[in-house]
Amino acid sequence: MIWARPLSRHPDDDLMLARAGLGPAERASVVLGERRVALVSGLDFAALTALRAVAGAAVTGANDAGPDATGLTALLRYTLELADEWSRRLDGELGRALRCLLRPAWPAPLKVGPRTFEFGTRTFVMGVVNVTPDSFSDGGRFFDADAAVKHALALVEAGADLLDVGGESTRPGADEVPEEEEARRVLPVLERLARELPTVPLSIDTSKAAVARRAVAAGASLVNDVTHLRDEAMVRVVAETGVAACVMHLRGTPRTMQKDPRYDDVVADVLDVLEDALRRAEAKGVPRQRVFVDPGIGFGKTVAHNLLLLRRLGDLRLLGAPVLVGTSRKSFLGQLTGGKPANERVVASAASAAVMSVLGGADVVRVHDVAETRDALAVADAIRAAR
Ligand code: HH2
């Protein structure tokens with residue numbers, strides 16, 4: 001797919017201009033007139049020629065591309081007004097890519113079960129409840145339904161805005177869990193949480209459509225599918241039940257994903273896979289504003305891939321959907337902190353949530369350590385919002 005990814009954004013320019021004494025109309029014209037730069041990738045020669053035809057000298061790069069060239073990248077200097085004008089004159093993929101540049105910074109508010117999330121106000125926290133014997137960081141601790149419910153109540157007490165209940169580990173090399181066993185693990189926990197926490201949205205972490213459907217009947221209002229709605233039956237569950245969803249980028253399967261992952265452009269690959277999932281959901285009547293997108297940190301990625309995706313999380317805004325990210329206790333944090341084991345990665349996890357907040361990239365973070373993350377985000381979100 002073609003993607004036009006903004007290389008710089010200055011959300012605080014308006015404040016600086018106000019300080020310099022410009023009135024609202026003048027500020028609007030300056031900000032609208034501001035030249036921005038986007039990296040346009042995935043072009044073939046025909047698309048590059050079409051872009052040059054409308055944008056002229058604003059397009060640079062890919063100068064020696066021949067008529068058979070594909071996978072080209074060019075730079076585009078633009079203003080919001082120009083991107084708007086060019087996108088109207090271009091059809092297909094190129095027009096869509098330029099229209100993405102016009103999307104607002106924050107997605108529309110989203111109702112998930114009993115609660116409506118107003119994105120941009122702060123970073124929301126999803127607490128992880130693993131009802132599994134083998135999850136990578138807490139396997140076996142909450143395998144029993146009573147222990148899982150007790151843990152969930154404690155996470156909400158610590159400040160979780162929503163809870164993600166899972167009955168199958170997705171760690172690299174994990175064994176698949178049969179449908180009946182997965183349902184037996186998660187359904188009693190969801191039923192009890194729906195009764196005991198009626199104001200807290202519940203998410204089901206599953207890639208099985210049948211488990212998702214039963215989980216929604218038991219009280220879940222979000223389907224978190226790490227296989228990005230690959231299974232059309234899962235799209236139907238989300239469409240027919242009207243719940244929210246989360247689509248996550250994953251290369252291969254949990255069993256194979258960490259075997260030498262390689263990408264030409266990891267950010268573009270993530271955008272392609274997630275855009276495809278959003279379109280398949282839209283085709284069944286699920287609007288993209290109801291679907292979280294997630295880059296899938298640690299799912300078929302090296303440390304370098306994870307870091308680049310986090311650094312460029314803002315690019316996921318091009319998808320026009322809320323962004324959810326899970327870095328909590330993951331192995332890349334262990335590698336960055338001298339080989340610490342999963343239970344000693346709490347500070348590193350909270351630091352990653354804080355950085356995501358300040359880079360403006362995540363609407364929801366999925367974490368194991370809710371209290372520590374809420375503290376880190378209280379500081380980071382306040383710095384981001386400072387005026
Ligand atoms: N990570 C894990 C599981 N589910 N879902 C989303 N949307 N994003 C993630 O990053 C994500 C996820 C892995 O963490 P955990 O559940 O603690 O481990 P395990 O899969 O071993 O149970």
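Hydrogens, waters and symmetry mates play no part in the numbers below; they use all other heavy atoms, side chains included. Start at 1 and go down the list; that is how both ligands and their atoms are numbered. Quick caveat: nothing in here was measured; it's all calculated off a predicted structure.
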With only distance considered, is Asp294 within less than 3.5 Å of ligand 1 through an N or O on each side? yes
Compute the minimum heavy-atom distance from Gly166 to ligand 1 and say whether it is under 4.0 Å. no
Give a yes/no on ligand 1: does Phe299 have at least one heavy atom closer than 4.0 angstrom to it? yes
Identify which one of Leu98, Leu82, Val37 satisfies the side-chain contact (heavy atoms from CB on, under 4.5 Å) criterion when paired with Leu76. Leu98
So if I count the atoms of ligand 1 from 1 in the order they appear, which ones are less than 4.0 Å from some heavy atom of Val226? 4 (N), 5 (N), 12 (C)
Would you say ligand 1 has an N or O under 3.5 Å from any N or O of Thr132? no
Looking at Met248, which atoms of ligand 1 are within less than 4.0 Å of one of its heavy atoms? 6 (C), 8 (N), 9 (C)
When you measure from the heavy atoms of Arg329 to every atom of ligand 1, does any distance fall below 4.0 Å? no
Note: ligand 1 atoms sitting under 4.0 Å from heavy atoms of Arg171 are 20 (O), 21 (O)
At less than 4.0 angstrom from any non-hydrogen atom of Ser135, what atoms of ligand 1 do you find? 19 (P), 21 (O), 22 (O)
Those atoms of ligand 1 less than 4.0 Å from some heavy atom in Asn130: 15 (P), 16 (O), 17 (O), 22 (O)
The side chain to side chain contact (heavy atoms under 4.5 Å, CB included) partners of Glu176 (sequence neighbours excluded) come to Glu168
Polar contacts were defined as any N/O atom of the residue lying under 3.5 Å from an N/O atom of the ligand; does this apply to Asp138 and ligand 1? no
Any N or O of Asp164 closer than 3.5 Å to N or O of ligand 1: no
Does Glu168, backbone or side chain, put an N or O under 3.5 Å from an N or O of ligand 1? no
Compute the shortest N/O to N/O distance between Ser137 and ligand 1 and return yes if it is under 3.5 Å, no if not. no
Residues which pass side chain to side chain contact (heavy atoms under 4.5 Å, CB included) with Leu197, listed by chain and number, not counting sequence neighbours: Leu153, Val156, Leu163, Leu193, Val200
